[in-house]
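In the text below, chain A, chain B and the rest are named by the order of the sequence lines, each starting its count at 1.
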Number of protein chains: 2
Amino acid sequence: MYLRTVNDSKMAGRPKIFDEKEVVEKAVNVFWTKGYETASADELLEAMGIGKGSFYLAFKGGKKELYEKSLRQYANRFDKQLLHDLSVSEDPIQLIRDFFMALADDPKSKQMKGCYIGNALVQLSDGDADTKLIAAGLLASVEGIFTDVIRKAQAEKRLKNKAKPEVLGKYLINLWNGVNVTRRSNPGYEHLREVLEMSLQVLS
Amino acid sequence: MYLRTVNDSKMAGRPKIFDEKEVVEKAVNVFWTKGYETASADELLEAMGIGKGSFYLAFKGGKKELYEKSLRQYANRFDKQLLHDLSVSEDPIQLIRDFFMALADDPKSKQMKGCYIGNALVQLSDGDADTKLIAAGLLASVEGIFTDVIRKAQAEKRLKNKAKPEVLGKYLINLWNGVNVTRRSNPGYEHLREVLEMSLQVLS
DNA sequence: TCCTTTTTGTACTAATTGGTACATAATAAT
DNA sequence: ATTATTATGTACCAATTAGTACAAAAAGGA
């Protein structure tokens, strides 16, 4: 026995007018710009293009379930993209350097929004400890990817720095978190690039 | 002509039963643990120990004015303390190092709360752009203190690193922002100390 | 066609939100 | 004592919140 989550053509009953992944993606946009608490259910439904009936049938957990699914969906897409880029890269360490340096080139609108997952950590109150834990796990996943790249590069002597890969991985996630807060206060600040270059000295 | 904001003994009328700075300080605690949106007016008044009548008379701008005042009051106290500690220190650079390393020793409860000012940057939605700007300014003030210390230490040859003081100042604020997010996801993580040591290598 | 199943849209609700109105209390000045 | 002034506590309110109830719609299968 398994749960049918989508409306395949052989299923009886009125057909769904929306694709779950697609509407979750639209919810990401609302949550990202407005924050979890500030994004109202009406606003989300409006953006998702569905009514309350459909929504509360598909997302029994309401707003919270939608948010958690949006976190996971966003992070999974992010991880997959990063892993793919790394897999086809000649120089994974350089790719990570470029990845961070690109933060300085983002448009102001993106600079103001921060990291979708990191925002959850800071915006959720103690009452949503479980959701916070999910976000923490998703960030840890990215950290793990960094750590693996570093461990491999050290083994291949492509990275001089001999610090523990776990520490370097956490250092990078910490840098990520920092930049995504710092950018908000002064988007496009000219010194950001130099700060990033200084911070990435450890990757050599 | 000037505005009288406090109830000095020569003023007519019923005397205030509270001190504004004190109740703002209590509001800081609520905002810090619950976040701006999630902290309800009732909850704040309860913690402040005053009724609605008194509150909306003293804080005409309501919850928002209270929050902005709490940000400024917190930051001013922080700045004063830091400047004082620096003024009596034999080795200001070492003081900054200790300041950051102390982040790893905070109790779990404090680790989870983040930076009071940084939280504002991440928690406020676009509708509160003005308040966000205030928070950005307060962080910039701390950054300025760091920058001055670094500039002076370089001039006195007590700091080998010859990078621009402005860049190092922003580097440190960025480190601060990062740690205050990272800690939330894994308070007391054993690698945090090593990450801090790695990050503070630039201060030598 | 008629029954079953699933989705949809709308009307509704109970609770909470930040904020206001206003009568009363407590003080200083006259 | 009376008046002017300021602060307080309480009752109230309009708007918004997330969420529910339910009848109608749209499909497949018999």
Spacing between A/Glu20 atom CD and C/dT8 atom C1', to the nearest angstrom: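 Distance check: A/Glu20 CD to C/dT8 C1' gives 16 Å.
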
Atom pair distance, as rounded to whole Å: CD in A/Glu65 and C1' in D/dG19: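 That distance rounds to 14 Å.
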
Neighbours of DNA chain D within residues 119-131 of chain A, by heavy-atom distance under 4.0 Å: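 Within residues 119-131 of chain A, no residue comes under 4.0 Å of DNA chain D.
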
Strand-adjacent residues in residues 34-63 of chain B, judged by heavy atoms under 4.0 Å from DNA chain D: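 When residues 34-63 of chain B is checked for heavy atoms under 4.0 Å from DNA chain D, the hits, listed by number, are B/Gly51, B/Lys52, B/Gly53, B/Ser54, B/Leu57.
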
All ring pair (Phe, Tyr, Trp, His ring centres under 6.0 Å) counterparts of B/Phe146, not counting sequence neighbours: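 With sequence neighbours excluded, B/Phe146 shows a ring pair (Phe, Tyr, Trp, His ring centres under 6.0 Å) to B/Phe100, given in chain and number order.
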
More than 12 heavy atoms from other groups under 6.0 Å of NZ on B/Lys64: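 Correct, the count exceeds 12.
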
Nucleotide nearest B/Arg14 (side chain, heavy atoms from C-beta), chosen from D/dT6, D/dA25, D/dG9: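 Within the option list, the nearest is D/dT6.
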
Below 4.5 Å, heavy atoms only, C-beta onward: do [X] and [Y] meet side chain to side chain?
X	Y	result
A/Arg77	A/Glu25	yes
A/Glu194	B/Lys170	no
B/Leu71	B/Thr131	yes
B/Phe78	B/Ile117	no

Any donor-acceptor N/O pair, A/Asn76 side chain to A/Arg72 backbone, under 3.5 Å: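 It does hold such a pair.
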
Donor-acceptor under 3.5 Å (A/Gln154 side chain, A/Ala163 main chain):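 Present.
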
